[in-house]
Protein chains: 4
Amino acid sequence: MARPRSDEKRNAILAAATRVIASQGLSASTAMIAKEAGVSNGSLFTYFETKADLLNRLYIELKEEIAEVVAKEPHQGTSLRDRTFHMWSRWGHWAVTFPEKQKALTLLTVSDDITPESHQAGHDAFREIRELIQLSSAHGPMRDIPLYFTTALMNGLSEATIHFMIEDPDNAAMHCVRGFEAFWRMLT
Amino acid sequence: MARPRSDEKRNAILAAATRVIASQGLSASTAMIAKEAGVSNGSLFTYFETKADLLNRLYIELKEEIAEVVAKEPHQGTSLRDRTFHMWSRWGHWAVTFPEKQKALTLLTVSDDITPESHQAGHDAFREIRELIQLSSAHGPMRDIPLYFTTALMNGLSEATIHFMIEDPDNAAMHCVRGFEAFWRMLT
Amino acid sequence: MARPRSDEKRNAILAAATRVIASQGLSASTAMIAKEAGVSNGSLFTYFETKADLLNRLYIELKEEIAEVVAKEPHQGTSLRDRTFHMWSRWGHWAVTFPEKQKALTLLTVSDDITPESHQAGHDAFREIRELIQLSSAHGPMRDIPLYFTTALMNGLSEATIHFMIEDPDNAAMHCVRGFEAFWRMLT
Amino acid sequence: MARPRSDEKRNAILAAATRVIASQGLSASTAMIAKEAGVSNGSLFTYFETKADLLNRLYIELKEEIAEVVAKEPHQGTSLRDRTFHMWSRWGHWAVTFPEKQKALTLLTVSDDITPESHQAGHDAFREIRELIQLSSAHGPMRDIPLYFTTALMNGLSEATIHFMIEDPDNAAMHCVRGFEAFWRMLT
DNA sequence: CATGAATGAGCGTTCATTCAT
DNA sequence: GATGAATGAACGCTCATTCAT
């Protein structure tokens, strides 16, 4: 019956957090984030119980966003390699398009504020990606290696690749391809 | 401002910082670090001008330590693959032996407090490693790719591998080998 | 601003305030009180203009409740001592029955939020009690002492007695008698 | 070897706390107290770990101060009544001289921030007073009543008496005597 | 009238850094 | 040089109160 909680505001806070964290690190103050979101100091805490809660939600939403972007318009019917490259390249495109999200995610990933539950949730979001990796590696040299390990290696490569794409956006496409080819060589 | 007398104290502070940062993150207070080092609050600032300075030095020293450990007792005369594996495996061994150093380095690497100069210094320390990679990739599929990029990919893989080695130390040797084989496949 | 509809809600808020203040002190938040009352945040302020207003009303109602309980079923026709003991003992019984009310009242009595007007109103409510004390002391050593002073001393004794009754409820009746006898000795 | 912690500053903080609490209640902010003490915000916390710690120390010191003042220059050799009156009257004199201390103590006594340990310490400080009460009541009607209870009743009376002395300082001496006579009647 | 989101001043506390000893 | 007390800005978070729904 009262003013309902607004998704718009919630998203504004998450977006503001992304921007502020990307530019100032995880020590960005909640006041700064609130201000950047055009919201009062206290309002931030009606949408997120604590700063750590905000960080965890942001982490999960970013992971989910990547997973969603990557899985969209899958190239059904084409080769595994093409489908995997499609995914890889969408991932890179997302990172280049939203470098602040990428930067924030990099910081969040190693932060102690992110709980094991959130890491698990992030992991779960990547299910489709993992399935594709599993298929791709099923007959190659990594066929007997736990999927988790393979995925972790992929993450390492993609993060490095993305870093180059962002730093040198003019050659982003080239870096993307080179990173992928290295990845595919490792995988198959 | 001249080099203060006691290298011992300086090292105690760096070691304490490593431990405290590994367990509490980069927001660990200078007071905590000083206490852990058995040194007074204020003394920390006669050895390091600011907290950021301390972090930068620590970053560089850790990078240099890895480079040194990795380069020791090189397997001259054996194959490139063996020499590279030797390096890779020493690196992993160091990380498993000093997981706090590894954890601290992971946090420092993405911190905004680390200046470009420090990143460059860390990079420079890896010169020998890079040279080995250059030799190893000289005739393979990555021969035309800038060494920086290749090294970055290697870092991504080694970081992922090390993470597994630390989390599952009983199988550290296996993870080490698997990570290396993936890397070598990518490289050659 | 006219008298709001539901006395039920008003009373629920007062009762909730009693409970919450007893357990958390006067710094209990209005939100907590509202929640405990099963009422919304904002509704509290349609029944009480401010938190201070709520506290003042609660103070007065508790004082009035004591006065009412104490004056009920007076032992007309018996001796002054018996009538006074009856009052004393009802007072103690009330406190033991509702320790939270007693605790809240103790805190409110010394709070700066309670206005002189409220203190006066609390005082007025005790008129019947004061009249009994006046009769009882009329021929004793305190006959020439202002009634206010005598009443204040009585309050001091009753508060101490009640404290013991609540802390050691198994012997409440004994404490009650002992406190009264001390009081009566003082008075007569 | 560094600047030593100064008792002067510690006492200034306690004195400032007394004043500020007396005038604004226990919700007085630590910032206000620090300012009143002529000390920085943060310094307050080098002398007292938390606000609650400060309140507990203040409570204990005030209790000890009363005990000390009351026990000074005891009237050895005179009657128990005279000795007890001496104590009573010194107590009242202290309260009239330092009404802010009295007010602060009244608030602290009922605060939830004061731990049982502190209450015990305050109790211990009153040992000499209790011994005098014990002697005085040894042959009277309260001889079989636990000393704690008798002391509690005394506190109730003295607090009420002191309240009148402070409110009406012109007649403080008269109130003091009247309160004592009531107390002595109760006791003997 | 009821609701609970919105507000922003204010809180207790921490902390990097300075400086008296 | 070593110490740790002093500083005060900044932090995460709370809260009484207002007001859109």
Side-chain angles (χ1 to χ4, degrees), chain A residues 1-6 9-10 27-35 38-55 113, chain B residues 1-6 9 27-35 38-55 113, chain C residues 1-2 4-6 9 27-35 38-55, chain D residues 1-6 9-10 27-35 38-55 113:
Chain A
M1 213 174 284
R3 193 181 333 190
R5 230 178 263 197
S6 119
K9 225 161 250 186
R10 199 190 117 98
S27 60
S29 74
T30 53
M32 193 91 238
I33 293 170
K35 189 177 175 185
V39 141
S40 80
N41 239 333
S43 271
L44 187 148
F45 293 94
T46 97
Y47 288 90
F48 303 93
E49 280 186 33
T50 61
K51 184 184 183 183
D53 181 35
L54 166 59
L55 297 182
D113 286 326
Chain B
M1 228 31 87
R3 185 63 164 284
R5 209 169 36 205
S6 161
K9 248 170 214 180
S27 60
S29 72
T30 53
M32 192 96 241
I33 294 169
K35 188 179 175 184
V39 143
S40 81
N41 225 336
S43 271
L44 188 148
F45 290 92
T46 93
Y47 289 90
F48 302 93
E49 278 184 40
T50 62
K51 184 183 183 183
D53 180 35
L54 165 60
L55 297 182
D113 287 326
Chain C
M1 229 30 86
R5 213 169 35 208
S6 159
K9 250 173 213 180
S27 61
S29 73
T30 53
M32 192 95 242
I33 293 170
K35 188 179 176 186
V39 143
S40 81
N41 224 336
S43 271
L44 188 149
F45 290 93
T46 93
Y47 290 90
F48 302 93
E49 279 184 40
T50 63
K51 185 184 184 184
D53 181 33
L54 165 60
L55 297 182
Chain D
M1 212 173 288
R3 194 178 332 190
R5 227 178 264 197
S6 119
K9 226 163 246 184
R10 197 191 120 98
S27 61
S29 74
T30 52
M32 193 92 239
I33 293 170
K35 189 179 176 185
V39 142
S40 81
N41 240 337
S43 271
L44 188 150
F45 292 95
T46 96
Y47 288 91
F48 303 94
E49 280 186 33
T50 62
K51 184 185 184 183
D53 181 34
L54 166 59
L55 297 183
D113 287 326

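Side-chain atoms are counted along with the backbone in the values below, which use heavy atoms only and exclude waters and symmetry mates. By convention in this document, chain letters (A, B, ...) are assigned in the order of the sequence lines, proteins followed by strands, and residues within each chain are numbered from 1.
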**Asked** Does dA16(E) have OP1 or OP2 sitting under 4.0 Å from an N or O in the side chain of T30(B)?
**Response** yes
**Request:** Enter the distance from K35(C):NZ to N41(C):CG here, rounded to the nearest 0.5 Å.
**Result:** 11.0 Å
**Message:** Using the side-chain heavy atoms of T46(C), tell me which of these nucleotides is nearest: dA2(E), dT17(E), dA6(E).
**Reply:** dA2(E)
**Item:** Nearest atoms (heavy-atom pairs only) where T46(A) meets R5(A)
**Value:** O-NH1, 2.8 Å
**Residue met sooner reading DNA chain F from 5', once S29(A) and V39(D) are mapped to nucleotides** = V39(D)
**Request:** Tell me what S27(A) touches on the nucleic acid: a base, only sugar-phosphate, or nothing, going by heavy atoms under 4.0 Å.
**Result:** nothing
**Complete:** What one should report as the nearest heavy-atom pair of D53(C) and F48(C) is OD2-CA, 3.5 Å
**Message:** Whole angstroms only, please: what is the CG-C1' distance between N41(B) and dT7(F)?
**Reply:** 12 Å
**Prompt:** Just how far, in rounded Å, is P of dT3(F) from CZ of R5(D)?
**Reply:** 16 Å
**Message:** Tell me the interatomic distance from L44(B), atom CG, to dG1(F), atom P, rounded to whole angstroms.
**Reply:** 15 Å
**Asked** If each of A52(B) and S43(C) is mapped to the nucleotide of DNA chain E with the nearest heavy atom, which maps nearer the 5' terminus, i.e. the 5' end?
**Response** S43(C)
**Message:** I need the S40(C) OG to K9(C) NZ distance, nearest 0.5 Å.
**Reply:** 7.5 Å
**Prompt:** Hey, does the side chain of S40(D) come within less than 4.0 Å of dG8(F)'s phosphate (OP1/OP2), counting only N and O?
**Reply:** no
**Request:** Starting from C1' on dA2(F), measure out to NZ on K35(B) and report it in whole angstrom.
**Result:** 18 Å
**Closest-nucleotide ordering on DNA chain F, the 5'-leading residue of S6(D) and G38(B)** = G38(B)
**Prompt:** How long is the line joining NZ of K51(A) and P of dC11(F), in whole Å?
**Reply:** 8 Å
**Prompt:** Within this structure, what is the OH-to-C1' distance between Y47(B) and dA2(F), rounded to whole angstrom?
**Reply:** 9 Å
**Prompt:** Do the side-chain N or O atoms of K9(D) get closer than 4.0 angstrom to the phosphate oxygens (OP1, OP2) of dA6(F)?
**Reply:** yes
**Asked** If only atom types and distance count, is the side chain of Y47(A) paired as donor or acceptor with the main-chain N or O of S6(A) below 3.5 Å?
**Response** yes
**Message:** Under 4.0 Å, heavy atoms only, any strand: does A34(B) hit a base, just the sugar-phosphate, or nothing?
**Reply:** nothing
**Asked** Whole Å only: how far is the CZ atom of R3(A) from the P atom of dC19(F)?
**Response** 10 Å
**Message:** Holding to side chain to side chain contact (heavy atoms under 4.5 Å, CB included), I want the full list of residues that pass it with S27(C), two or more places apart in sequence or in another chain.
**Reply:** none
**Request:** Using a 3.5 Å limit on both pairing distances, list the dot-bracket string of DNA chain E from the 5' end; Watson-Crick and G-U wobble pairs count, crossing pairs take [ ], interstrand pairs take |.
**Result:** .||||||||||||||||||||
**Shortest non-hydrogen separation from I33(A) to L54(A) and the atoms involved** = CD1-CD2, 4.2 Å
**Closest heavy-atom pair and its distance - L55(B), D113(B)** = CD1-OD2, 3.5 Å
**Message:** Among dA16(E), dT14(F), dT18(F), which nucleotide has an atom closest to any side-chain atom of F45(A)?
**Reply:** dT14(F)
**Between dT13(E) (P) and L54(D) (CG): distance, integer Å** = 10 Å
